[in-house]
Number of protein chains: 2
Amino acid sequence: MDWANVAERAGSTPPLAVSTVVFALRQGTEDEPASLRLPLVRRDREPYRGRWALPGGPLRGDTSLRTAAAAYLEQTTGLAPTLLEQLYTFGGTDRGEGARLVSVVYWALVRFEESDAALVDDPGVAWFRADSVEVTGALAFDHSRIVDYALARLRAKVAYADVAHRLLGERFTLAQLRGAHEAVLGQRLDPANFRRTVKARGGIEDTGEVLTGVRNRPPRLYTAASHRDPSVVPDPEGDPT
Amino acid sequence: MDWANVAERAGSTPPLAVSTVVFALRQGTEDEPASLRLPLVRRDREPYRGRWALPGGPLRGDTSLRTAAAAYLEQTTGLAPTLLEQLYTFGGTDRGEGARLVSVVYWALVRFEESDAALVDDPGVAWFRADSVEVTGALAFDHSRIVDYALARLRAKVAYADVAHRLLGERFTLAQLRGAHEAVLGQRLDPANFRRTVKARGGIEDTGEVLTGVRNRPPRLYTAASHRDPSVVPDPEGDPT
DNA sequence: TCAATAGTGTCTATCAGACACTATTAC
DNA sequence: GTAATAGTGTCTGATAGACACTATTGA
């Protein structure tokens, strides 16, 4: 009701940070399927010194939330996100030791494999399986819970929106796209049914090319079609790409 | 990466405010159907003095975001929300005149009709149709866009989750529940199909009672069933009710 | 030839929309 | 009785899962 003088009270407002849950696809081997990974940063200060945490930091100056999230992401992984959406803002009073903090958290998808060279070489950064972050020892603050929530949201979204291709390169086979879905969902999908549903959704286009050099029938290569899905409510401050 | 000293930099972080888009159901008359309404507050300070704005204000001290949203809601409407979820955090650098501001916005459903007496008597508060806020003259800041986004999210959610009953009282008929859905969606629904789908979802329970005094066959009264829908990802900091 | 994956076709159960039909009240 | 809404039943078209089947490559 009375918030006109918000600016003057800046000092009385809790500090604000931006973090990002970054998902990437780790290529599968012959035996094990592809898996979803995420980068964490080792904290070198108190509180939670030495524990793994989400990449992020304070929101400075006059940068937008989204820009800040992308900047911290680039700093720690050297990658530009192919998808960056706001996840949730955590502002509880019991988020862990240390001062009161409000965190605006984003989630991102990046392309991993083809640009290993771009990854920063920093012993303070490591990649972990997204489906078992708690196994790696407790994360700093409430970050374990945040990762779980991000994964739940990603799993829900992958079921109705065309986002999985953003874990892959420009051109991809349907098997690769299915592998991405399987890695996100953590379960096998029927190849025939997957093909049918994903083609019916209209999110992919046949390039006419095929992938050669495999020891079986060469699969077709597809691209993501630029189409607006009316059933998806877009991120209001998201990049309109 | 380096966010350990967020607390010490508190002063460098933009101010933080909490606002809420509150939805209520305005009972329909014989001619026109029920409609979705929301309360707005007239600003009495610059910037945007005299314009209508969402109820809200700065986030003070050590209250959680959710608690702050509920408090501002109660101040302006005198009502307690039956549903309160986080909507989005707006932190762009071009949100309107005045200083830089980050707004964590919630959306809420309240019960309107039965407690008219509880509504605050303040000329600075008025209720508007949710589907045509822009008609009422431009709102302050980017609040028109926020209302549009909240309505889009509510419409999406009402299609797959049992939330519409939170606009009604403890007991309700299927026609009332359908009227709530129709008010949210802005379109008519087939009574027979609505009955079938909503009963199949399992979100309602037959109380065994009927509503008498109507000039037709008396309808049964239902209550919201307390059941967890596994297809809905819950608000991570939401009230576990 | 065989192994392996790509890709097609089909059956079935489920579900949403359309809509005809019956039931029960006030008047 | 009539008007009006409550509530049931049924048909149809779209869709997802299960799975049999054909196609095309490397070795």
Side-chain angles (χ1 to χ4, degrees), chain A residues 27-34 155-156 158-162 164 168 171-182 185 187-223 229-231, chain B residues 27-34 155-156 158-162 164 168 171-182 185 187-223 229-231:
Chain A
Q27 195 84 6
T29 65
E30 291 186 7
D31 301 326
E32 75 180 21
R155 282 178 171 159
V158 100
Y160 67 87
D162 294 321
L168 305 171
R171 277 186 272 267
F172 49 87
T173 68
L174 282 181
Q176 289 169 338
L177 185 60
R178 178 168 48 87
H181 278 249
E182 288 174 342
L185 298 174
Q187 70 181 34
R188 290 289 181 165
L189 298 174
D190 182 292
N193 295 332
F194 180 80
R195 170 185 309 270
R196 185 158 39 88
T197 51
V198 85
K199 287 180 84 169
R201 201 144 73 195
I204 57 171
E205 272 175 7
D206 193 338
T207 63
E209 305 171 52
V210 293
L211 181 66
T212 57
V214 290
R215 73 170 183 282
N216 47 34
R217 173 173 174 174
R220 290 184 196 158
L221 287 169
Y222 293 84
T223 323
D229 187 339
S231 71
Chain B
Q27 195 83 7
T29 66
E30 291 185 6
D31 301 325
E32 75 179 21
R155 281 177 171 161
V158 100
Y160 67 88
D162 295 318
L168 305 170
R171 276 186 272 268
F172 50 87
T173 69
L174 280 181
Q176 289 169 338
L177 185 61
R178 178 167 49 86
H181 278 250
E182 289 174 341
L185 297 174
Q187 69 180 37
R188 291 288 184 169
L189 298 174
D190 182 291
N193 295 333
F194 179 80
R195 170 186 307 272
R196 186 157 40 87
T197 51
V198 85
K199 288 179 82 170
R201 201 144 71 196
I204 56 170
E205 272 174 10
D206 193 338
T207 64
E209 305 171 53
V210 293
L211 181 67
T212 57
V214 290
R215 73 170 183 283
N216 47 33
R217 173 173 173 176
R220 289 184 196 157
L221 288 167
Y222 292 84
T223 324
D229 187 339
S231 71

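Note on naming: letters A, B, ... go to the chains in the order of the sequence lines (proteins, then strands), and numbering restarts at 1 for each one.
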Rounded interatomic separation in angstrom, taking [atom1] from [X] and [atom2] from [N]:
X        : N      : atom1 : atom2 : answer
A:Arg195 : C:dT5  : CZ    : C1'   : 10 Å
A:Phe194 : C:dT5  : CZ    : P     : 17 Å
A:Arg188 : C:dT5  : CZ    : P     : 10 Å
B:Leu189 : C:dA18 : CG    : P     : 10 Å
A:Leu185 : D:dA16 : CG    : P     : 15 Å
A:Leu221 : C:dT5  : CG    : C1'   : 15 Å
A:Arg178 : D:dA16 : CZ    : P     : 17 Å

How long is the span from the [atom1] atom in [X] to the [atom2] atom in [Y], to the nearest 0.5 Å?
X        : Y        : atom1 : atom2 : answer
B:Thr223 : B:Leu168 : OG1   : CG    : 12.0 Å
B:Arg171 : B:Leu211 : CZ    : CG    : 11.0 Å
A:Leu177 : A:His181 : CG    : NE2   : 4.5 Å

Inset, instruction - Strictly below 4.0 Å, heavy-atom distances to any atom of DNA chain D: list the hits from residues 198-212 of chain B, or just say none. - result: none

Inset, instruction - Please check if the side chain of A:Glu182 supplies one atom and the backbone of A:Leu189 the other of a donor-acceptor pair under 3.5 Å. - result: yes

Inset, instruction - Would you mind telling me which of A:Thr212, A:Asp206, A:Thr207 makes a side chain to side chain contact (heavy atoms under 4.5 Å, CB included) with A:Glu209? - result: A:Thr207

Inset, instruction - For residues A:Arg201 and A:Ala159, report the shortest heavy-atom separation together with the two atoms involved. - result: NH1-O, 3.3 Å

Legend entry - Nearest heavy-atom neighbours spanning A:Ala192 and A:Asp190: N-OD1, 2.8 Å

Inset, instruction - Would you give a per-nucleotide map of nucleotides 17-27 of chain D, 5' to 3', where B means the base has a protein non-hydrogen atom under 4.0 Å away, S means only the sugar-phosphate does, and - means neither? - result: BBB---BBBS-

Legend entry - Pairing residues for B:Arg195 by the side chain to side chain contact (heavy atoms under 4.5 Å, CB included) criterion, not counting sequence neighbours: B:Leu174, B:Lys199, B:Tyr222

